[in-house]
Amino acid sequence: MKFYFPDSQDLVSPTYDFVHDEYSPLRVRQRDDRYAHEVLSAPAYDGILVSKAIVDGSVSGAGKYSMPQRQRLYRLGVRGFFRLPDGVETLGDCGAFNYVNEPEPPYSVDEVLDFYEQCGFEAGVSIDHIILGYQRPGLVNFEPPDEWVDRRRISLRYAEAFIAETKKRKSSVEPVGAAQGWDPASYADSVKELQRMGYKRIALGGMVPLKTPDILDCLQEIDTIRRKSTKLHLLGITRADSIESFASYGVASFDSTSSFRQSFMDDRDNYHTTTTTYAAIRVPQVDGNVTLKRAVLSGKVAQAEAVKAERECLARLRAFDRGECTVDEALAATIAYENVVGVKKTYDEQYRRTLEHAPWKACQCGLCAQHGIEMAIFRGTERNKRRGFHNLSVLAEKMSVLPCRATTRKGKHG
């Protein structure tokens with residue numbers, strides 16, 4: 001089972017000053033900053049997924065790339081731009097969630113294939129249109145809305161044109177067909193049609209909102225028509241506990257940012273280990289937190305008092321990491337800063353557990369040994385993204401020990 005990490009230009013600066021919370025004045029982001037595969041001690045993913053919408057933008061607005069970054073990507077190619085080591089694969093797609101509210105995808109087949117070829121992707125997903133709904137089997141006389149039917153038809157039409165164009169150009173890009181559906185039967189029919197067109201790799205889209213049993217229902221139905229040679233990819237899905245089940249139905253790869261984003265999007269489950277999760281200790285920046293800045297400007301919080309409490313909190317946490325103060329002392333300074341800030345909800349019990357276990361001390365990801373407790377502090381992008389990279393390494397470790405079967409259920413048409 002292969003894991004692809006979707007790109008959103010997530011990098012960290014190797015010269016970032018954690019004590020003063022500042023960047024080097026000589027820093028050039030793309031040139032000097034580092035991707036996860038450049039800072040972790042072991043590979044955390046088998047490939048990267050790059051969306052055209054992230055690079056070039058779409059009708060919903062500009063992408064995540066600046067003009068110089070776009071030009072650099074097209075000039076160097078995807079491998080050169082990301083400084084990818086051997087063995088890390090590349091996969092392109094359109095980023096359908098970026099135009100989900102449009103009646104039609106904003107790209108042509110030629111535009112998308114040009115993007116894949118010019119950037120040097122090894123494989124590329126056909127243009128698709130996400131279906132905004134799912135119906136569990138069993139509803140009597142259910143008729144899918146016309147919009148769902150149209151979006152599936154659009155996806156299949158683009159897929160047929162896409163594989164035809166790759167053959168016409170004799171493209172080096174491996175075509176990956178995008179399957180959409182609203183229930184197990186419609187997903188299975190999409191896969192059947194894509195196989196008829198000649199696709200040997202098929203990406204299942206629109207499943208991010210689905211519960212795991214629903215995904216398995218779809219995979220079971222797809223398996224009745226899946227050819228043995230057909231490899232499936234799950235777009236935007238992790239579900240590490242179900243990977244073995246997914247693999248048994250022909251899923252060969254998946255992509256997701258879930259583990260990475262939990263480092264700064266989740267309330268509690270920010271720092272992962274192979275057996276549990278921990279809450280990162282929130283220490284907002286006085287001059288960088290919008291809510292706190294408003295409180296200072298309104299006079300509710302004295303800036304000098306906030307700065308003093310912030311510095312004391314960080315000093316105590318670092319002293320704890322060096323073995324120079326107790327858990328109670330570090331936690332007391334954290335709570336004192338929270339009281340100054342006026343947080344609405346404290347996670348003091350979760351923080352105590354994080355400090356008592358100090359999971360970063362036993363971690364071998366390469367970042368934890370270098371940065372220590374900074375990895376468990378919820379504060380600014382440099383700490384949060386490093387913790388996200390750490391979480392990716394944990395996902396890779398979990399996958400390495402999963403008892404995925406060497407063989408999958410054979411498709412009935414295999």
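By convention here, the first residue in the shown sequence is residue 1.
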So E310 and R379, salt bridge (charged side-chain N to carboxylate O under 4.0 Å, His left out) or not? Walk me through it.
-> CA-CA 11 Å; E310 175 193 29; R379 176 184 172 86; 2.8 Å; yes

Derivation of the salt bridge (charged side-chain N to carboxylate O under 4.0 Å, His left out) call for R387 and E382 = CA-CA 9 Å; R387 189 167 55 255; E382 288 294 331; over 6 Å; no

Counting C-beta onward and ignoring hydrogens, is there a side-chain heavy-atom pair between [X] and [Y] closer than 4.5 Å?
X    : Y    : answer
L232 : Y249 : no
P6   : I48  : no
L367 : L40  : yes
R239 : T212 : yes
I215 : K211 : no
F320 : L331 : no
T90  : R79  : yes
Y45  : H37  : yes

Hey, can you tell me if [X] and [Y] have their rings parallel, tilted or perpendicular (30° and 60° cut-offs)?
X    : Y    : result
F115 : F121 : tilted
F260 : F5   : perpendicular
Y351 : Y347 : tilted

Pair [X] + [Y]: basic N to acidic O under 4.0 Å:
X    : Y    : result
D287 : K293 : no
D150 : R157 : no
K52  : D93  : no

I'd like to know if the side chain of [X] reaches the main chain of [Y], judged simply by a donor and an acceptor atom lying under 3.5 Å from each other, with no hydrogens or angles considered.
X    : Y    : value
N270 : A280 : yes
Y271 : G388 : no
T354 : Q350 : yes
S108 : E111 : yes
D321 : I373 : yes
S126 : A178 : yes
D32  : V28  : yes
S51  : I54  : no
D217 : P184 : no
S41  : Q364 : yes

With distance as the sole criterion, is a donor-acceptor pair present between the side chains of [X] and [Y] under 3.5 Å?
X    : Y    : answer
T277 : R268 : no
Q135 : D183 : no
T346 : E338 : yes
N384 : T381 : no
K200 : T230 : no
S258 : S256 : no

Quick one: do R153 and E193 satisfy salt bridge (charged side-chain N to carboxylate O under 4.0 Å, His left out)? Show the steps, please.
-> CA-CA 11 Å; R153 186 183 299 118; E193 286 297 302; over 6 Å; no

Where do V327 and R352 land on the side-chain contact (heavy atoms from CB on, under 4.5 Å) test, with the steps shown first?
-> CA-CA 7 Å; V327 168; R352 176 178 291 279; 3.9 Å; yes

Out of R386, R383, K385, which residue meets the salt bridge (Lys or Arg N to Asp or Glu O under 4.0 Å) rule with E374?
->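 The option that passes is R383.
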
Counting neighbours of [atom1] on [X] that are heavy atoms of other residues, nucleotides or ligands and sit closer than 6.0 Å, is the number greater than 12?
X    : atom1 : answer
R294 : CZ    : no
R311 : CZ    : no
K361 : NZ    : yes
K231 : NZ    : no

Out of curiosity, [X] [atom1] to [Y] [atom2], how far, rounded to the nearest 0.5 Å?
X    : Y    : atom1 : atom2 : value
S24  : D17  : OG    : CG    : 10.0 Å
R196 : I225 : CZ    : CD1   : 12.5 Å
H371 : H390 : NE2   : NE2   : 13.0 Å
K168 : L113 : NZ    : CG    : 11.0 Å
R282 : D267 : CZ    : CG    : 6.0 Å

Would you mind telling me which of Y99, Y107, Y158 makes a ring-ring contact (aromatic ring centres under 6.0 Å, His included) with H129?
->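 Result: among Y99, Y107, Y158, Y99 is the only option passing the ring-ring contact (aromatic ring centres under 6.0 Å, His included) with H129.
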
Just do the side-chain hydrogen bond (donor to acceptor under 3.5 Å, both in side chains) check on E117 and S171 with the steps written out, would you?
-> CA-CA 8 Å; E117 289 183 336; S171 177; 2.8 Å; yes

Under the 6.0 Å and 45° cation-pi test, does R353 pair with Y278?
->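 Ring-cation test returns yes.
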
Test: R27 cationic atom under 6.0 Å from Y23 six-membered ring centre, within 45° of axis |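 Yes, R27 and Y23 form such a contact.
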
Indicate, with yes or no, if the rings of [X] and [Y] have centres closer together than 6.0 Å.
X   : Y    : answer
Y35 : F389 : no
Y4  : F254 : no
F81 : Y65  : yes

Check the pair T166 / Y116 against side-chain contact (heavy atoms from CB on, under 4.5 Å), numbers first and verdict last.
-> CA-CA 11 Å; T166 62; Y116 294 159; over 6 Å; no

How far apart are the C-alpha atoms of Q195 and R226, what are their side-chain angles, what is the distance that settles it, and do they pass the side-chain contact (heavy atoms from CB on, under 4.5 Å) test?
-> CA-CA 8 Å; Q195 289 181 145; R226 181 181 61 84; 4.0 Å; yes

Tell me, with the steps shown, if R152 and D189 meet salt bridge (charged side-chain N to carboxylate O under 4.0 Å, His left out).
-> CA-CA 10 Å; R152 192 175 85 95; D189 188 67; 3.0 Å; yes

Begin with the C-alpha distance, continue with both residues' side-chain angles, and end with the deciding distance and a verdict on side-chain contact (heavy atoms from CB on, under 4.5 Å) for V173 and E122.
-> CA-CA 5 Å; V173 177; E122 293 158 2; over 6 Å; no

